[in-house]
Amino acid sequence: MRSIIAAGQPSGRHLFKKQAVWPAGLVLLVLVIVMISPALAPQDPYRLIVSDRLQPPGAGHFLGTDHLGRDLFSRMIAGIRATIGTSLLILTFSMLIGVTIGLLSGYLGGLYDRVFKRIIDAFMTLPDYIFAIVLSGLLGPGLINLLFAVIAVKWVGYARLVRSVVLQEKEKDYVALAILGGVTPLRIVMKHMLPHTLGNVFVLAALDLGKIILMIASLSYIGLGPQPPAAEWGSMLNEGRVYFNTAPHLMLAPGLAIMITVLLANLLGDKLRDQFDVKTRKEA
Amino acid sequence: MLNIHNLTVASGSRELVKGINLEIAPGEWLALAGESGSGKSLTAASIGGLLPKELKLSGTISWNGSTLTSLSPSLRRKTLGKEISYIFQDYQGAFTPFITIGKQLDELLRAHTDLERQRRKNMCIDALDNVNLPGGRVYTSYPFQLSGGQLQRAAIASALLLNPGLLIADEPTTALDSLTAQKVLKYIAKAKERLNLSVLWITHDLRHVRKFADRVAVMRKGEIVEQGAKDQVLNSPAHAYTSRLLAAIPPLSPNGPRRLGQLSKNSLQREEGALL
């Protein structure tokens with residue numbers, strides 16, 4: 001009985017259970033790598049040695065060099081920060097905005113909810129890639145504008161998710177009792193509502209991470225991301241495109257990096273979903 | 001003293017509670033009986049201002065002279081939190097699942113008192129001890145670590161924590177087995193004696209009414225069809241519907257009285273006629 005009840009609660013507590021240790025550890029590892037990545041690069045990722053251009057992978061340059069003679073491996077590592085770091089930043093802001101609006105909309109209800117719900121619905125109808133492309137096109141290319149464009153697309157999912165959880169939970173007796181008991185609305189939202197949503201939010205975030213990385217890489221690939229000479233995996237793919245026949249490693253390296261990262265992010269998401277979603281978890 | 005005057009709850013043009021009048025004296029236990037959908041719970045929810053926004057309330061509800069229905073939400077909350085408390089049927093939902101019982105009790109004390117931490121903790125543990133729970137342990141327990149009966153008792157402890165004047169118990173024992181239910185009601189009875197508590201007890205089970213309530217009001221289709229002292233209502237019901245409710249109680253022994261047999265066919269037919 002106990003385990004069934006416990007399993008039925010999509011609460012924040014599960015975060016700290018043993019099974020969640022490795023995904024959490026992985027996230028931490030990624031964060032550390034993002035932080036220290038500039039120090040890991042064996043060579044200056046921006047130094048041009050034109051005589052060394054388009055070298056194949058070998059002893060001097062682990063992954064070879066690009067069309068301007070820059071060390072590809074160093075540029076790949078510099079790209080970690082641009083690609084994954086930006087994705088994490090976007091994810092964080094999307095969650096903050098989405099969760100806040102979701103909580104407000106769901107808990108306050110009435111007119112607030114109707115207004116927020118219309119906004120959320122309006123955003124949901126926009127195709128996310130096209131909207132992001134249009135938006136970053138309007139804002140102009142560059143990392144910061146790219147950031148805004150992707151956040152504008154991504155916060156909606158969190159708002160909708162959190163709103164639906166709050167709508168469900170606020171009907172429960174304990175909320176009525178807390179209201180009757182004189183607990184302030186802010187406290188009810190933060191202590192009694194928010195933790196209910198976190199499990200779902202983290203699962204969505206983990207599944208979203210892969211999509212965001214792909215979106216950033218895609219937007220950079222078409223030239224809307226960080227501008228040269230900045231190293232970003234998507235823009236590196238684009239730079240390598242011209243030399244694909246003679247130097248395929250220029251596309252293979254960032255391509256594979258994107259693929260592996262997205263794969264790992266999705267694995268992490270699945271793992272977390274198993275963790276939080278009662279339906280997919282096998283009862284012990 | 002709780003005074004409900006001409007309370008009407010309407011959903012659009014449909015009246016779900018039709019102008020009822022109720023009074024509960026200090027230290028009095030009133031059982032509000034009736035079948036599902038008769039408007040009992042809406043009446044209870046009206047007192048606490050817990051009605052869904054779609055429902056429209058009219059009439060007045062006053063507690064010790066102050067009219068609750070005309071107070072601003074925040075002032076109402078302040079009055080209610082201390083003076084009027086609730087217990088609901090669903091004990092699983094009485095506590096937020098991921099916060100310990102102790103913290104949730106403490107939250108109420110913090111909202112209404114300026115006591116220091118240790119003093120508050122002692123009060124919580126005492127309140128839990130009072131309903132015969134191991135206070136120290138339950139204080140640090142999560143709701144899912146307690147059984148149904150324990151949870152409902154913890155809910156009572158929480159409801160009585162601030163020494164309220166009125167306890168509204170909305171079918172508090174419906175989800176419990178009858179032995180546990182009996183215990184839960186006994187704790188409420190004990191608190192009633194100790195605190196001179198008024199109790200509004202919503203129930204559809206008349207078996208316990210005889211034992212615990214002082215007065216009974218019977219509700220049907222949004223109206224109070226009969227109210228009076230327990231013995232009067234239970235022994236010589238004036239309304240045919242009360243008789244039917246009483247008849248629906250399963251007898252405890254195979255030779256027990258079958259009250260249904262005592263009802264005249266006529267009265268039942270009259271009742272059906274009134275329904276249509």
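Of all residues spanning residues 155-171 of chain B, none has a heavy atom less than 4.5 Å away from chain A's heavy atoms. Within residues 105-123 of chain A, the residues having any heavy atom under 4.5 Å from a heavy atom of chain B are, by residue number, L108(A), G110(A).
Under the 4.5 Å side-chain criterion, counting only non-hydrogen atoms from C-beta, Q104(B) is not in contact with L177(A). With contacts defined as side-chain heavy-atom distances shorter than 4.5 Å, the pair Y174(A)/P143(B) does not qualify.
Not a single donor-acceptor pair under 3.5 Å links the side chain of H192(A) to the backbone N or O of F95(B).
Of all heavy-atom pairs spanning P97(B) and H196(A), the tightest one is CG-CE1, 3.5 Å. Scanning all heavy atoms of the two residues, the minimum distance from G181(A) to A111(B) falls at O-CB, 3.9 Å.
Once rounded to the nearest 0.5 Å, the distance linking CD of E107(B) with NZ of K191(A) reads 8.0 Å. Distance NZ/K172(A) to CZ/F88(B): 14.0 Å, rounded to 0.5 Å. Taken from CD1 in I84(B) to CG in L180(A), the straight-line distance is 9.0 Å, to the nearest 0.5 Å.
With a 6.0 Å radius and a threshold of 12 heavy atoms from other residues, nucleotides or ligands, F93(A) has its CZ atom at or below the threshold. In the displayed structure, R120(B) atom CZ is contacted under 6.0 Å by more than 12 heavy atoms of other residues, nucleotides or ligands. Counted within 6.0 Å of NE2 on H5(B), heavy atoms from surrounding residues, nucleotides or ligands total 12 or fewer; the atom is thus considered open. Atom CZ of R119(B) has 12 or fewer neighbouring heavy atoms from other residues, nucleotides or ligands inside a 6.0 Å radius. Annotation for M1(B): atom CE counts as buried by contact number, over 12 foreign heavy atoms lying within 6.0 Å. A 6.0 Å sphere centred on CG of D114(B) holds no more than 12 heavy atoms belonging to other residues, nucleotides or ligands. Within a 6.0 Å radius of CZ in F148(A), no more than 12 heavy atoms belonging to other residues, nucleotides or ligands are found. For K183(B), the NZ atom is loosely surrounded, since the number of other residues' heavy atoms within 6.0 Å does not exceed 12.
Both the backbone and the side chain of Y86(B) have a heavy atom closer than 4.5 Å to some heavy atom of chain A.
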